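Take a look at the structure below.
These numbers were taken from a predicted model, which means no experiment stands behind them.
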Amino acid sequence: MADEDEATRAYRRAAAQPPAAPPPAAPPRAAQPQPAAPAKSGREDTVPRARSKVYGKPRPGSAPVRPLGGSRHEAGDQEGAPHGGGGGPTGRDGSVRGGGRGPRRTGRIVLRVVVVVVVLLLVAAVAGYFWIGSRLRPVESLTDYDGRPAETPGQDWLLVGSDSRAGLTAAQRKKLATGKAVGKRTDTMMLLHIPESGRPTLVSLPRDSYVPIEGHGSGKLNAAYAFGGPELLAKTVERVTGIRIDHYMEIGFGGFVGIVDAIGGVNICVKQDIKDPKAGINLKKGCQDMDGGTALGYVRTRATGAIPDFERTQRQRQFFSAVVQKAASPGTLINPFTSVPLALSAADSVSVDPGSGLFDLLSVGMAMREGPVATAVPIGSLPTIGGQAVVKWDTQKALRLFEALAADKQVPKDVITK
């Protein structure tokens with residue numbers, strides 16, 4: 001093939017040469033981040049999904065970082081955990097909202113229960129007040145008449161303890177040493193003045209006080225009750241004191257014992273040993289708790305003192321103050337196991353004028369809580385008239401005492417008898 005053309009010869013020369021070296025490889029490039037796959041919901045997500053820390057805590061998900069100062073629910077959303085431990089509606093960013101509703105709902109339930117209980121207690125208290133008040137026994141005692149003293153400041157009570165055995169069985173009369181006497185007479189009479197401000201004054205009116213009694217001449221004060229009952233007694237007291245009586249309260253032996261027992265007894269300081277079979281007591285000197293029966297014997301006994309009736313009035317004032325103060329104490333009033341029996345016993349045992357109610361009795365207790373000024377009508381002499389030993393008042397001192405009470409002023413110290 002001598003006659004091969006030039007093109008063929010060039011081809012043969014190229015094929016006979018060794019292969020050329022390959023070009024140098026390009027240096028490797030840094031790995032590039034791959035775009036995040038679209039969410040399954042089909043929503044285009046333009047924020048890269050990554051994990052970082054929000055205020056020192058891991059933050060999952062794609063929720064943007066919120067600034068400090070957000071609400072509790074916002075902080076809970078950012079942390080990805082519910083506040084109340086239970087699921088709630090989710091926000092647009094997928095976090096749980098409304099997690100605090102559990103504790104708030106519990107608080108509202110507790111508040112409603114408390115409100116219902118308070119309302120029920122108020123209703124029960126109001127109903128009990130009217131029910132107990134309806135059990136008080138009215139007694140006609142305060143009447144108008146010509147020359148009756150005018151109304152005076154403050155409140156004036158005539159407190160009467162009768163020796164009525166009504167309601168006592170034969171066994172109770174024997175136990176309490178009350179005897180078998182029928183009917184009733186006044187065993188205790190006291191005038192209680194409650195001022196518009198300041199301490200009350202409790203004045204004993206000795207039963208043997210020699211006073212004028214309308215329609216019966218002059219005689220012992222307790223004879224007025226025997227002649228005309230509470231009405232004549234109240235009228236007699238008003239005329240000899242010049243003080244208009246606003247309220248009347250009377251209690252018999254049985255009610256006396258019931259009230260003392262209802263408050264759990266009363267503490268009395270006895271000045272001397274007292275042994276009196278007629279009153280059913282054998283007491284030692286010193287302070288001691290007394291039940292109803294013992295207290296009754298203590299205020300009734302005449303076995304002490306040169307002037308037995310005067311000693312009795314001292315013990316009666318001492319006892320009445322102790323009973324009322326204990327009955328009006330917070331420990332008694334807020335304890336239903338003592339306040340309810342006390343209220344029932346008082347309502348069943350006490351007789352009051354028709355114008356007085358349970359609220360008036362409560363006002364006596366409230367006024368007496370800090371202790372009254374206790375005294376007796378000043379005594380002038382102890383003569384025997386008509387064969388009977390009587391008590392005559394010191395007219396001048398007695399007048400000053402009652403004038404001070406009528407004017408709602410402090411009683412002069414020189415007329416106070418201990």
Legend entry - Chi angles and distances behind the side-chain contact (heavy atoms from CB on, under 4.5 Å) call for K285, K271: CA-CA 6 Å; K285 179 180 178 180; K271 295 181 179 179; 5.9 Å; no

Inset, instruction - Let me see the working for E250 and S351 under side chain to side chain donor-acceptor pair (under 3.5 Å), right down to the final yes or no. - result: CA-CA 5 Å; E250 178 183 328; S351 298; 5.7 Å; no

Inset, instruction - Go through I379 and D394 one step at a time and tell me if the side-chain contact (heavy atoms from CB on, under 4.5 Å) criterion holds. - result: CA-CA 5 Å; I379 296 175; D394 183 323; over 6 Å; no

Legend entry - salt bridge (Lys or Arg N to Asp or Glu O under 4.0 Å) between R400 and D414, intermediate numbers included: CA-CA 10 Å; R400 292 172 59 206; D414 64 315; 2.7 Å; yes

Inset, instruction - Using the salt bridge (Lys or Arg N to Asp or Glu O under 4.0 Å) rule, take K409 and E403 through it: C-alpha gap first, then chi angles, then the decisive distance, then the call. - result: CA-CA 9 Å; K409 296 181 178 180; E403 284 179 344; over 6 Å; no

Inset, instruction - Would you sort out whether F320 and V299 count as a side-chain contact (heavy atoms from CB on, under 4.5 Å), showing the intermediate values? - result: CA-CA 10 Å; F320 180 76; V299 299; over 6 Å; no

Inset, instruction - List the steps, then state whether side-chain contact (heavy atoms from CB on, under 4.5 Å) holds for D291 with V260. - result: CA-CA 6 Å; D291 60 13; V260 175; 5.6 Å; no

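At least one donor-acceptor pair under 3.5 Å links the side chain of T241 to the backbone N or O of I243. Without hydrogens or angle criteria, K326 side chain to V266 main chain gives no donor-acceptor distance under 3.5 Å. With R317 contributing its side chain and L202 its backbone, the two residues share no donor-acceptor pair below 3.5 Å. One N or O on the side chain of D261 and one on the backbone of G292 form a donor-acceptor pair closer than 3.5 Å. Using a distance-only test at 3.5 Å, with no hydrogens or angles considered, no donor-acceptor pair links the side chain of T294 to the main chain of M290.
A heavy-atom distance below 4.5 Å is not found between the side chains of V411 and T375. Side-chain contact between I194 and W157: present, with at least one pair of heavy atoms (C-beta onward) separated by less than 4.5 Å. Using a 4.5 Å heavy-atom cutoff, the side chains of L159 and T188 are not in contact. When side chains are defined from C-beta on, T313 does not count as touching M189, because their heavy atoms never get closer than 4.5 Å. Residues V116 and V118 are not in side-chain contact: their nearest non-hydrogen atoms beyond the backbone lie 4.5 Å or more apart. For the pair P138/D353, no side-chain contact is recorded, criterion being any heavy-atom separation below 4.5 Å from C-beta on. At least one side-chain heavy atom of L191 sits under 4.5 Å from a side-chain heavy atom of I245. Within the 4.5 Å cutoff, side-chain heavy atoms of H193 are placed close to those of D408.
With sequence neighbours excluded, the residues forming a ring pair (Phe, Tyr, Trp, His ring centres under 6.0 Å) with F319 are F256, listed by chain and number. Under the rule for a side-chain contact (heavy atoms from CB on, under 4.5 Å), the partners of S329 that lie at least two apart in sequence or sit in another chain are T332.
Considering all non-hydrogen atoms of both residues, P212 and S218 come closest at CA-OG, 3.7 Å. Contact between T338 and G331 at its shortest, heavy atoms only, is OG1-O, 4.1 Å. Scanning all heavy atoms of the two residues, the minimum distance from P378 to L401 falls at CD-CD2, 4.0 Å. The minimum heavy-atom distance linking E196 with P153 is given by the pair OE2-CB, 3.9 Å. The minimum heavy-atom distance linking G355 with D360 is given by the pair O-OD2, 3.9 Å. Contact record, G242 with P149: O-CB, 3.7 Å, taken as the closest heavy-atom pair.
In this pair, W393 and F402 present their aromatic rings tilted. The plane angle is within the 30 to 60° band.
Here the options are V364, L405, T201, the test is side-chain contact (heavy atoms from CB on, under 4.5 Å), and the partner is L192; only V364 passes. When each of V240, I213, L233, V377 is checked for a side-chain contact (heavy atoms from CB on, under 4.5 Å) with L221, only L233 meets the rule.
Between the NZ atom of K392 and the OG atom of S209 there is a distance of 12.0 Å, given to the nearest 0.5 Å. Once rounded to the nearest 0.5 Å, the distance linking CE of M190 with CG of L205 reads 9.0 Å. Expressed to the nearest 0.5 Å, how far NZ of K397 lies from OG1 of T417 amounts to 7.0 Å. Distance OG1/T301 to CD1/I281: 4.5 Å, rounded to 0.5 Å. Atom CZ of R148 sits about 4.0 Å away from atom CZ of R244, to the nearest 0.5 Å. From Q155, atom CD reaches atom OG of S363 across 5.0 Å, with rounding to the nearest 0.5 Å.
A donor-acceptor pair shorter than 3.5 Å cannot be found between the side chains of E231 and Y225. Side-chain atoms of Y145 and E238 include a donor-acceptor pair closer than 3.5 Å. Looking at Y298 and Q318, their side chains do bring a donor and an acceptor atom within 3.5 Å of each other.
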